[in-house]
Every structure is written in structure tokens, then in C-alpha cells.
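A quick write-up on the structure given underneath.
Indexing begins at 1, ligand by ligand and atom by atom, following the structure's order.
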Amino acid sequence: MNYQNSLQFAIEQDRNDKLKSYRNKFYFPIINGKEAIYFTGNSLGLQPKSTQDYVLKELEDWATHGVEGHFLARNPWFSYHEMFANPLAKIVGALPSEVVVMNQLTSNLHFLMASFYKPTAQRFKIICEAKAFPSDQYAIETQVKFHGYNPDETIVEINPRKGEHTIRTEDILKAINDNKDALALVLIGGVNYLTGQLFEIEKITAAAHSVGAYAGYDLAHATGNIKLELHKWNVDFACWCSYKYLNSGPGCVGGAFVHEKHHSAKLPRLGGWWGHNKQSRFKMEKGFDPIQSAEAWQLSNAPVVAMACHKAAIDIFDEAGMDILCDKRDKLTGYLEYIVNCINTEIKNNNYKLEIITPADKNQRGCQLSIVAHGLGKDLHKQLSENGVIADWREPNVIRCAPVPLYNSFEDVFRFGEILKTLLNK
Ligand SMILES: *Cc1c(COP(=O)(O)O)cnc(C)c1O
């Protein structure tokens with residue numbers, strides 16, 4: 001695409017944007033009396049204007065029916081989670097039976113590891129990315145200890161090479177091969193939260209399987225951001241949260257994927273009544289009889305009020321569709337990249353430099369760009385905020401910007417660039 005650093009160009013792109021009507025479906029925070037330039041949809045997605053109605057409906061049905069709402073509510077609570085199977089399957093590239101909405105992300109990591117991490121004296125190692133999101137690090141460390149192993153001898157972290165920011169696939173594949181006799185599990189993020197690097201899930205999964213290990217993914221930064229094909233890629237399991245790109249609200253319910261081939265297998269698991277055969281669930285009899293789908297990993301009855309927030313957001317996603325979202329994503333993120341590169345040529349202070357550490361190859365990233373602000377500190381973030389930009393700052397000097405295709409515009413990107421340039425040349 002031929003980009004131009006002008007407001008006119010940005011407005012023209014927005015006019016031709018097939019998704020332009022979606023911006024108005026969300027509430028934007030107001031700063032200085034104006035809609036903020038919101039680039040933190042990778043951290044907490046904006047609230048759909050429809051969410052209130054979805055929630056209100058469940059509160060009304062609860063008031064009207066009491067416990068009978070399990071079956072009499074307009075969306076019966078007994079089967080509420082089933083409404084997500086089709087739309088979520090499309091978002092993550094799965095069969096409807098392979099996805100389920102339940103719990104939250106870190107809880108799901110633990111419940112899935114209970115099934116897929118079964119260390120033995122021979123096979124016990126876990127490969128993960130260095131500097132994974134802290135919650136993932138703690139989950140892996142405590143699982144390893146829970147099974148009586150020493151994390152230092154068990155967890156193999158893959159680092160970027162010296163002087164590089166992102167991890168090379170060949171280095172992950174090499175680590176898998178180097179540990180082939182002792183490897184139990186590869187568990188990494190789909191998209192690294194810090195650098196925005198998208199990992200080559202299909203290749204990594206095939207390599208893990210070739211040495212007899214499972215492959216699982218934390219898709220917190222990938223779901224709703226990347227076109228995934230979890231079923232086709234033969235991924236064993238995955239989980240994600242719903243409050244980042246999926247716009248379902250702070251701490252909302254998470255999602256999980258378990259490949260069809262594991263549904264009938266006798267994997268160990270931690271069960272609960274909501275994973276039990278639906279026909280006999282209310283008979284309250286002895287003996288866990290798991291549903292033959294990802295639903296079998298559910299423990300508790302669904303938190304319907306939170307699920308309603310999720311439903312409001314997923315309905316919007318389903319209507320827009322991943323293909324068109326990803327198409328706009330590449331154009332919009334490419335525009336941000338172009339604007340940042342333009343600014344670099346216009347910075348007057350030689351000590352300042354912006355370096356994008358997210359891969360330049362659009363097949364290795366989603367919508368997030370992580371920008372190292374050389375020579376600058378947290379004050380830059382503060383000034384951006386004061387000027388109406390909500391972006392994320394990671395110490396010591398990384399700005400993470402995620403122009404989200406569902407609700408961000410080319411004009412947002414252009415205006416961000418103008419503000420950033422002014423601050424850098426002040
Ligand atoms: C956001 C995020 C989490 C947060 O976990 P919760 O259990 O939802 O609080 C965990 N891991 C990754 C990679 C994340 O990006």
C-alpha cells in the first residue's frame with residue numbers, strides 16, 4: 001500500500017473502510033473533551049454500546065424467573081455457553097465442539113495443564129518463551145513444583161539471540177529437538193505480549209508432536225487479532241482471555257480449545273458437574289461421565305452476567321468476520337509503522353530514536369507495534385496521555401500501540417503521529 005503522511009489521506013482511507021460503521025458501536029474514553037486515541041485494545045478492549053442491554057436482559061430474566069431462568073430465560077442459562085461454540089470456532093479456526101467459554105485465562109492454563117502436562121522421570125520438560133507474561137511463568141513454575149520437579153531443570157526458556165528482540169522459529173525447533181527425549185510439553189504464547197511477535201504455531205506444533213510432546217498455546221494476544229487455524233494446525237490445547245481484543249470487559253470469562261482427537265481420550269482431568277453428560281447432570285449420581293467435547297473441561301455453571309458481556313462482544317465480531325478484520329489490520333498497522341518511520345526522519349534531537357521491535361513481516365505480527373523510545377523515559381508516556389493518547393508503557397522505554405481494526409481509524413493513527421512528533425521536537 002502507498003501511504004501518505006497527511007490527514008487527507010487518513011480521512012480518505014477511513015471513508016473507504018468496510019468496517020467504518022463499527023467504530024460507533026463502542027464507547028471511547030473522553031480526554032480533554034475529545035474521544036481518546038485508544039491504542040490499548042490489546043490490554044482492555046473498549047465497551048460495546050450493546051453490552052448494557054445484554055446484561056440487563058439476564059438481570060430481568062433472573063428477576064422474572066428466579067431459578068427457572070436456567071430453562072425459561074430468553075437465553076436459557078443451562079445452555080448459555082453453547083451459544084459461543086459457532087462464533088468462537090470461526091474466530092480461532094476450530095470445530096464448534098473444540099471450543100468452550102469458561103473460567104479465566106490463568107485458571108484455564110492450569111486446568112488444561114492438568115490434562116496435558118503429565119511429567120514422568122523420563123519425560124518432564126516444558127519449553128516456553130523467555131519473558132512470557134508473568135502469570136504464565138507462575139502457572140508453569142507452580143505446575144512443575146506441584147508435580148515435584150525442580151523448575152530450573154524442567155523449564156527450558158527460549159531467548160532472542162544477542163542483539164535481537166524476537167525469537168527465531170529455528171531456535172524453538174532446535175530446542176525441541178535438543179530435548180526430544182525429555183520433552184513433555186511446548187507451551188508458548190501465540191503472540192508475545194511485549195514484542196507483538198506472532199509465533200509459527202503450525203511448525204512448532206508439528207515439531208513438538210514429532211518428538212512425542214504436546215503443544216499448547218496462550219492466545220491472550222492472538223484471539224481476535226490473528227487468523228488462527230487451531231484445528232488444522234493440530235494444536236492440542238489453547239486458552240485465551242476475552243477482555244483484550246474480544247472486548248468483553250475486565251476479568252470477563254476466558255475461552256479454551258481442546259482438539260477433537262483428545263475428546264474421547266482418557267486424559268486425566270479435574271472434573272466438575274458442568275463437564276458431565278448433560279442428560280444425567282441433574283441426576284447427581286456417582287461417577288463422572290465427561291461430555292465428548294471441549295465442554296467436558298468445564299467445572300462450574302456459567303457466570304451468566306459475565307457471559308452476557310462476552311456475548312455482546314462476540315456477536316459484533318461474528319458480524320464483522322475475521323478475514324475483513326485481518327485485512328484492515330494489516331493496512332492500519334502498516335500505516336502506524338509508516339508514520340513512526342516518518343517521524344524518525346523528522347526528530348531534531350540526535351539522542352532520540354524510535355525503534356519498532358515488532359517484526360516488520362506482517363505474517364509475524366498482529367495489530368500491535370512495540371516501539372522502543374531510545375533516549376526517552378516514562379515522561380513521554382505521561383505527555384502522550386495528557387494529549388489524549390491512551391497507549392501502554394513498559395519499563396524501561398517500550399510503548400505498545402495496538403490500532404485495533406474493529407474500532408480504530410486511520411485518522412487515529414495520523415493524529416497519534418502528529419502528537420508524538422510534536423512531543424519529540426518540543
Ligand atoms: C492478559 C494475559 C494474562 C492474564 O491472565 P488472567 O488469568 O486473565 O488474569 C495471562 N497471560 C497472557 C499471555 C496475557 O496476555
(request) For the residue pair K244 and N42, confirm or rule out a side-chain donor-acceptor distance under 3.5 Å. (result) no
(request) Decide whether Q197 and N192 meet the rule of one side-chain donor and one side-chain acceptor closer than 3.5 Å. (result) no
(request) Not counting sequence neighbours, which residues clear salt bridge (Lys or Arg N to Asp or Glu O under 4.0 Å) with K18? List them please. (result) none
(message) Among residues at least two apart in sequence or on other chains, which ones pass salt bridge (Lys or Arg N to Asp or Glu O under 4.0 Å) with R123?
(response) none
(message) Tell me whether R329 contacts the main-chain N or O of N225 through its side chain, where contact means a donor paired with an acceptor under 3.5 Å.
(response) yes
(request) At a heavy-atom distance under 4.0 Å, which protein residues reach ligand 1? Sort them by chain and number, would you? (result) L105, T106, F133, D136, D218, A220, H221, Y243, K244
(request) Mind checking side-chain hydrogen bond (donor to acceptor under 3.5 Å, both in side chains) for N86 and listing every partner two or more places apart, or none if nothing turns up? (result) none
